[in-house]
> 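The structure under discussion is supplied below as structure tokens; questions concerning it will follow.
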Amino acid sequence: MKLSKSSSVLSVVSNVDKHSTNTNLTTLFNKYVDKNNVFSWNSVIADLARGGDSVEALCAFSSMRKLSLTPTRSTFPCAIKSCSALHDLHSGKQAHQQAFIFGFHRDVFVSSALIDMYSKCGELSDARKLFDEIPQRIRNIVSWTSMLTGYVQNDNAREALLLFKEFLLEESECGGASENSDNVIKMDLEESVIVGTSIIDMYCKCGQVDLARKAFNQMKEKNVRSWTAMIAGYGMHCRAREALDLFYKMIKAGVRPNYITFVSVLSACSHAGLVQEGWHWLNTMGHEFNIEPGVEHYGCMVDLLGRAGKLKEAYDLIEGMKVKADFVVWGSLLGACRIHKNVDLGEIAAKKLFELEPNNCGYHVLLSNIYANAGRWEDVERTRSLMKNRRLAKTPGFSLVELRGKVHAFLVGDKEHPQHEKIYEYLEELNVKLQEVGYVTDMTSVIHDVDQEEKEMTLRIHSEKLAVAFAIMNSVPGSTIRIIKNLRVCGDCHTVIRLISKVVDREIVVRDSKRFHYFKDGLCSCGDYW
DNA sequence: GTAGGGTTAG
């Protein structure tokens, strides 16, 4: 029995007893023969939920209810957990209602499970309401973690950190810290692997890949996820050689790579243009490691071939795939068509993307850029009016830079920042210096058909340039500048920042939406390959 | 019986 994630399980299982052919369920029924015993049902539901058979777990829950057995408090956490796993809000609400009817909704296990369920279904305010309703004396580490994770998984890091501070405060008030006066938390081995892996990931995503490696080396116990996090970290920093070296080391150490490990390996290859290496792993992962390439692996391979300019090969790969191409696959091809200025394949990819993701404005912008680059202004206009008709707004680019513990944000063409006049003046100064070292404005990222001067103005105010100028003006000479940008850095900004690093003799690290660029002495770690 | 780490396109 396979259901799509969005379908509501509890409402479609009314005939489960007649139609269920599921072997797991049948086996479990045979194992727990007493159908009239609620504890038998609890065990069945728990076993299925723990084993990841969420649909079956909910079927069992539903069957049990139809026998008019009265659920106990332990019936609900597993049933609700299954709703979480399926992101099935409808069934989750039904389970919530029933827990309420039987008076178990105040149980801390039930409320923690409900917080998780509402969060996973994107209903954060409902989750928070439940969290706030848990009396302090019974609120435990799992309730806190469920709520924290809810914020994190819904991209609300700010709320997560605020809540974490609240947690620390409550801990110290309740004497949690006095028992651990050294603030030492005792972890078991499994917990330490989870924390270690998170630390690796955190350092990698903050641009400190060497600190990540240090943490990795210090971990006594590692598992496949720890290795994969480190491999992926090298990949996003364009250090493909180290990513692959670590991958070989991992195999040698007897750790079996999994599906995601291969995504990370192929992604590392694509950031460095290692076409041969990429083909090798795509072709051998199936028979050597028993992991058949899935849509994510093809996505990386299309990206790899596309960036390397092998657009036809990339397109042929998509056409020959056993799995259905998704938006990542077509998005990779479209991105490659922008880099290598291929209008025809770009149109094919865009057409697919408009079907798959009709509300994503990014693809319209990309296609429009491809047209602009080819001087096809009528097509540019057509694409832009299509966007307008569908009320799709271009995502505004912004950049963040941290200075003495405070984060400064810049929008495209920002005129809000208190120092914006000085910043623009300084950018003018820099521009003169850049032209002295041979810089010519790159126009390919401008989608409007306007005169030369206006084009240059449009480019000059991209948020990353503002952030870089601001950071240079306000930081100690020689210190490293770190920028975070929400979109990909454009070709012109990449060139400008590269040259700025030479002119002002600064290291500049830019993390764009997916990866890192290290600018130093007029060069970038990506070797201008991205 | 509840929670917690790694991946791909723009």
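This is a predicted model, so every value here is computed, not measured.
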> Is a donor-acceptor contact shorter than 3.5 angstrom present between the side chain of Ser264(A) and the base of dT7(B)?
no

> Please state how far atom CZ in Phe354(A) lies from atom P in dA9(B), giving the value in whole angstrom units.
19 Å

> Rounded to whole angstroms, how far apart are CG on Leu266(A) and C1' on dG6(B)?
15 Å

> Who passes ring pair (Phe, Tyr, Trp, His ring centres under 6.0 Å) against His105(A), sequence neighbours left out?
Phe100(A)

> Need one value for Val108(A): base, sugar-phosphate or nothing, where a base atom within 4.0 Å counts as base even if backbone is also close, heavy atoms only.
base

> Starting at OH of Tyr259(A) and ending at P of dG6(B), how long is that distance when rounded to a whole Å?
17 Å

> What contact category does Ala46(A) fall into here, base, sugar-phosphate, or nothing, at under 4.0 angstrom with non-hydrogen atoms?
nothing

> Does a side-chain N or O from Lys352(A) land closer than 4.0 Å to OP1 or OP2 of dA9(B), or not?
no

> Is the closest basic N to carboxylate O distance between Arg213(A) and Glu242(A) below 4.0 Å?
no

> What's the closest nucleotide to the Asp201(A) side chain, out of dG4(B), dT7(B), dT2(B)?
dT7(B)

> The side chain of Lys205(A) lies closest to which of these nucleotides: dG1(B), dG4(B), dG6(B)?
dG6(B)

> Between Lys129(A) and Asp132(A), does at least one N-O distance fall below 4.0 Å, as a salt bridge requires?
no

> Contact class for Gln153(A) vs. all strands (heavy atom < 4.0 Å): base, sugar-phosphate, or nothing?
sugar-phosphate

> Taking atom C1' of dA3(B) as reference, at what distance in whole Å does atom CG of Asn140(A) sit?
9 Å

> Quick check for you: among dA9(B), dT7(B), dA3(B), whose closest atom lies nearest to any side-chain atom of Met236(A)?
dT7(B)

> According to a strict under-4.0 Å criterion, is Lys120(A) in side-chain N/O contact with OP1 or OP2 of dA3(B)?
no

> Quick check for you: among dT7(B), dA3(B), dG1(B), whose closest atom lies nearest to any side-chain atom of Val142(A)?
dA3(B)

> Any chance the side chains of Asp201(A) and Ser198(A) put a donor and an acceptor closer than 3.5 Å?
no

> Phe131(A) CZ to dT2(B) C1': how many Å, rounded?
14 Å

> Given dG10(B), dG6(B), dA3(B), identify the nucleotide with an atom nearest to the side chain of Arg488(A).
dG10(B)

> Touch check for Asn42(A), heavy atoms < 4.0 angstrom, all strands: base, sugar-phosphate only, or nothing?
nothing

> Using whole Å, report how far CD1 of Ile370(A) lies from C1' of dG10(B).
11 Å

> On a plain distance test, is the side chain of Asn223(A) in donor-acceptor contact with the base of dG6(B) below 3.5 Å?
no

> Would Thr261(A) and Asn258(A) count as having a side-chain donor-acceptor pair, cut-off 3.5 Å?
yes

> Choosing from dT2(B), dA3(B), dG6(B), which nucleotide comes nearest the side chain of Asn258(A)?
dG6(B)

> What's the closest nucleotide to the Cys78(A) side chain, out of dG4(B), dG6(B), dG1(B)?
dG1(B)

> Look at all strands and tell whether Tyr363(A) reaches a base, only sugar-phosphate, or nothing, counting heavy atoms closer than 4.0 Å.
base

> Closest to the Ile260(A) side chain: dG1(B), dG4(B), dG6(B)?
dG6(B)

> Classify the nucleic acid contact of Arg515(A) as base, sugar-phosphate or nothing, counting any heavy atom under 4.0 Å across all strands shown.
nothing

> Can you tell me the distance, in whole Å, between the CH2 atom of Trp227(A) and the C1' atom of dG6(B)?
14 Å

> Indicate whether OP1 or OP2 belonging to dT8(B) is found under 4.0 Å from a side-chain N or O atom of Arg307(A).
no

> Any base atoms under 4.0 Å from Val302(A), or only sugar-phosphate, or nothing? Heavy atoms, all strands.
nothing

> Tell me whether Arg128(A) is salt-bridged to Glu166(A), with the criterion being a basic N under 4.0 Å from an acidic carboxylate O.
yes

> Checking all strands, does Lys222(A) fall into the base, sugar-phosphate, or nothing category for heavy-atom contacts under 4.0 angstrom?
nothing

> Of the listed nucleotides (dG10(B), dA3(B), dT7(B)), which one gets closest to any side-chain atom of Thr145(A)?
dA3(B)

> Rounded to whole Å, please give me the gap between CZ in Arg50(A) and P in dA3(B).
11 Å

> Choose from dT2(B), dG10(B), dG1(B) the nucleotide whose nearest atom is closest to any side-chain atom of Ser112(A).
dT2(B)

> Under 4.0 Å between a side-chain nitrogen and a carboxylate oxygen: does that hold for Asp316(A) and Lys312(A)?
yes

